[in-house]
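Heads up, the thing below is written out as structure tokens.
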2 protein chains.
Amino acid sequence: MKIKKEVTIYDLAKELNYSPSTISRALNNHKSISKKTIKVIKEAAEEMGYRPNNLAAGLRNNKSNTIGVLISRINRPFMASLISGIEETARKSGYNVLISQSNDKYENEVSNCNALYDSRITGLIVSLSMETVDMGHFQKFMDQGIPIVFVDRVPDNFNSYKVVIDNYTAGYSATKHLIEQGCTRIAHFAGAQHRNIYEERKKGYLDALREYGLPIEDNLIIHFKTLSFEEGDKATKKLLKMDNPPDGIFSANDTAAVSAIMCAKKMGVDVPGELAVIGFNDDPIASIVQPSLSTVSHPASKMGAISARRILDHSGQNYDTDLSEITVLGTEIIVRDSSLKKAKVLEPK
Amino acid sequence: MKIKKEVTIYDLAKELNYSPSTISRALNNHKSISKKTIKVIKEAAEEMGYRPNNLAAGLRNNKSNTIGVLISRINRPFMASLISGIEETARKSGYNVLISQSNDKYENEVSNCNALYDSRITGLIVSLSMETVDMGHFQKFMDQGIPIVFVDRVPDNFNSYKVVIDNYTAGYSATKHLIEQGCTRIAHFAGAQHRNIYEERKKGYLDALREYGLPIEDNLIIHFKTLSFEEGDKATKKLLKMDNPPDGIFSANDTAAVSAIMCAKKMGVDVPGELAVIGFNDDPIASIVQPSLSTVSHPASKMGAISARRILDHSGQNYDTDLSEITVLGTEIIVRDSSLKKAKVLEPK
DNA sequence: ATAAGTAACGGAATCGATTGCGTAAATTAA
DNA sequence: TTAATTTACGCAATCGATTCCGTTACTTAT
């Protein structure tokens, strides 16, 4: 089949006896074009099926009205919601969203980073891969004044926009909650400690224990590689077989927490009676598992929306590489059955 | 801070005393450039921090090495996996992925469609919104020879590439499975019937009943609007309060199926003893709910990969608008506890 | 009535990479 | 040795939209 010729502003110009400059200005509502002319041109454009060519405009303006997103994996509830929030906000302002996943490999992060740069994105939103230590691949964005927003998994040795939750307080509160439920030997499923989020959750856990005068036992702190279901199952089995098993677990994610609940049940250990469990993220599985999983809820979609807004609002601003602008969002402890040893205390009105 | 000047092929040309043509050809491994020159130019490019400008190349070639994705919502397990598969395949071939979500609104689908078109995407992958009936907004892609791949939720009045699962057979098999487990009054949670996937799942359900001589009872077929948890809960309650309640449910998705299980448990109805349940999709919640949910597994990521490949392989081909090329993928019945009334029969080796 | 101002538009360069066509030099064939 | 290729490049147009400078025809102020 034959391909129809695309309609350009030159075609419109010829058809309407105007210059391409006027067509362009009219389509962009430039003030030096009369209302009447704008109306005529826009109607003709509509009728002739004109569609702007973003590549041409982008080349001329050296930007593409596109936000690049660089994350580890799309098919995780948190990440999917994050992207969803980014996409919604971006689209409202007429921006497109380019996505890429690193699968937690540094190498992929670097090459995806370059691919996004080559597309001349307006800004970049990043959640670091597990492996990433060096930040060199982000420098070219800074050099060009292209804003970078790190979200959730952020670096601490690189200045830029950052959107995070207060992982320390969340970890502290989750642990405190278990303590208030009567737990005295609380284990922690910790994530890779070079990623800020896991490090801070652990710090919160440790400080809560200290504050309540509970001993810190190294063999109750399990360092996970990926916080997967399998890892969680194995760790739980090991913990529950100890001579003096823990009576609570604070897991740095829900997947491992759910595996702990299911493993405990299989081993005949009562949750929360003998083992209280609290997770992190509020994934869908948290409300489905039985007993339902207490957890820390993450405003994922909102984080995405804020990150996108950072980029949209940045336009033309000067980039101060000497400081970071950090947005910290609150979290919420969602108390469900897996941690509820005592009856819920009614809040005063 | 000052913005560094970007390095272009003209800068390389000046620096190395070659013409821009030679630089361009060298970077693209054109055969008329000597190996030695290519090596020299590429090394200089690397050293000077040259990065190609996709906008410029795209404008010249009238394409952007970008695949557009238009779906209803990103934060659904199936969709997230689909995109993940698309992204992986696309990136391996050096393509970027632009995403947009319609939130199941026809209006959004149309405007996102235009936005993607304006970015001169190489191809479009679409899963239709719930509302979409008219297909006019896709015509401009056909006119330009830009391939469209409909995936999962596909139209039947529009010729193009299509990637689907055999929803009819899956619905048939799921229902048959319940029958073989001894169910005689099987309810169906049906989705919106103007979307092919739900229509076919229902057809499969109906035919299985017919084949086994079971009566079709209209009051056992519940038509859902969104197959949400709440809808499922309500429907289940209604069903179980009937004088002659069903002994099995085939739900067109897992969310509603899980809600049925939880609702039944709350009402003291044994699953699968008094009510066997099977869902669709194999979402993560399916293996977490107790009893674990039998379901139909969807090769989501693979569907994404195949869709992307369709577009990558299409390049330059002639578009025959008189036929559809349909790829049908198999599904698998995953038998878990929610449907297992009888002991599992061992397969012959 | 004349200078000054403004409204409405056109010309042409520009963004960066690609590529058809042309050409000089080097190599091979005869 | 000369003609015929082949190798290795350069020139300049091109893609479509934007925008800096004009320019012309009107208004408005004085």
Nearest to the B:Tyr10 side chain among D:dA17, C:dG16, C:dG11, which nucleotide is it? C:dG16

A:Arg60 CZ - C:dA12 C1' separation (whole Å): 11 Å

Go through A:Arg310 and A:Glu325 one step at a time and tell me if the side-chain contact (heavy atoms from CB on, under 4.5 Å) criterion holds. CA-CA 10 Å; A:Arg310 274 293 193 196; A:Glu325 278 193 55; 3.2 Å; yes

Measuring only between side-chain heavy atoms, which start at C-beta, is B:Ile67 closer than 4.5 Å to B:Thr89? no

Could you please name the option among C:dG11, D:dA17, C:dG16 that lies closest to any side-chain atom of A:Ile9? D:dA17

Establish, from distance only, whether the side-chain atoms of A:Asn29 and A:Lys42 form a donor-acceptor pair under 3.5 Å. yes

Contact class for A:Asn17 vs. all strands (heavy atom < 4.0 Å): base, sugar-phosphate, or nothing? sugar-phosphate

Check whether any side-chain N or O of B:Tyr18 sits under 4.0 Å from OP1 or OP2 of D:dG10, and answer yes or no. no

For B:Thr8, which contact category applies under a 4.0 Å heavy-atom criterion: base, sugar-phosphate, or nothing? sugar-phosphate

Step-by-step ring pair (Phe, Tyr, Trp, His ring centres under 6.0 Å) determination, B:His137 to B:Tyr117: CA-CA 10 Å; B:His137 46 305; B:Tyr117 179 84; over 10 Å; no

So the ring pair (Phe, Tyr, Trp, His ring centres under 6.0 Å) pairs with at least one residue in residues 85-104 of chain B (sequence neighbours excluded) are none

Identify, residue by residue, the members of residues 23-48 of chain A with a heavy atom below 4.0 Å from DNA chain C, and return them in order of residue number, or none. A:Arg25, A:Ser32, A:Ile33, A:Ser34, A:Thr37

Between B:Glu43 and B:Lys39, is a salt bridge (Lys or Arg N to Asp or Glu O under 4.0 Å) present by the stated rule, with each step listed? CA-CA 6 Å; B:Glu43 282 175 4; B:Lys39 188 158 177 288; 3.2 Å; yes

When the distance from CG of A:Leu16 to C1' of C:dC9 is rounded to whole Å, what number comes out? 14 Å

Could you check how far CD of B:Gln144 sits from P of D:dC15, rounded to whole Å? 14 Å

What's B:Asn61 touching, base or sugar-phosphate or nothing? Going by heavy atoms closer than 4.0 Å. sugar-phosphate

Starting at atom CG of A:Leu55, determine the distance to atom C1' of C:dT14, rounded to an integer number of angstrom. 17 Å

Between CD1 on residue A:Ile197 and CD1 on residue A:Ile165, distance to nearest 0.5 Å: 7.5 Å

For the pair made of CG in B:Asp118 and C1' in D:dA17, what is the distance, rounded to whole Å? 13 Å

Nearest-nucleotide pick for B:Leu59, side chain only, options being C:dG16, D:dA17, C:dG11: C:dG16

Rounded to the nearest Å, what distance is computed from the CG atom of residue A:Asn54 to the P atom of nucleotide D:dA17? 10 Å

Have a look at B:Asn53 and say if it touches a base, only the backbone sugar-phosphate, or nothing, with a 4.0 Å heavy-atom cut-off. sugar-phosphate

Can you find a side chain N or O atom of B:Thr22 that sits less than 4.0 Å from OP1 or OP2 on D:dC9? no

Expressed in angstrom and rounded to an integer, what is the separation of B:Leu12 atom CG from D:dG10 atom C1'? 16 Å

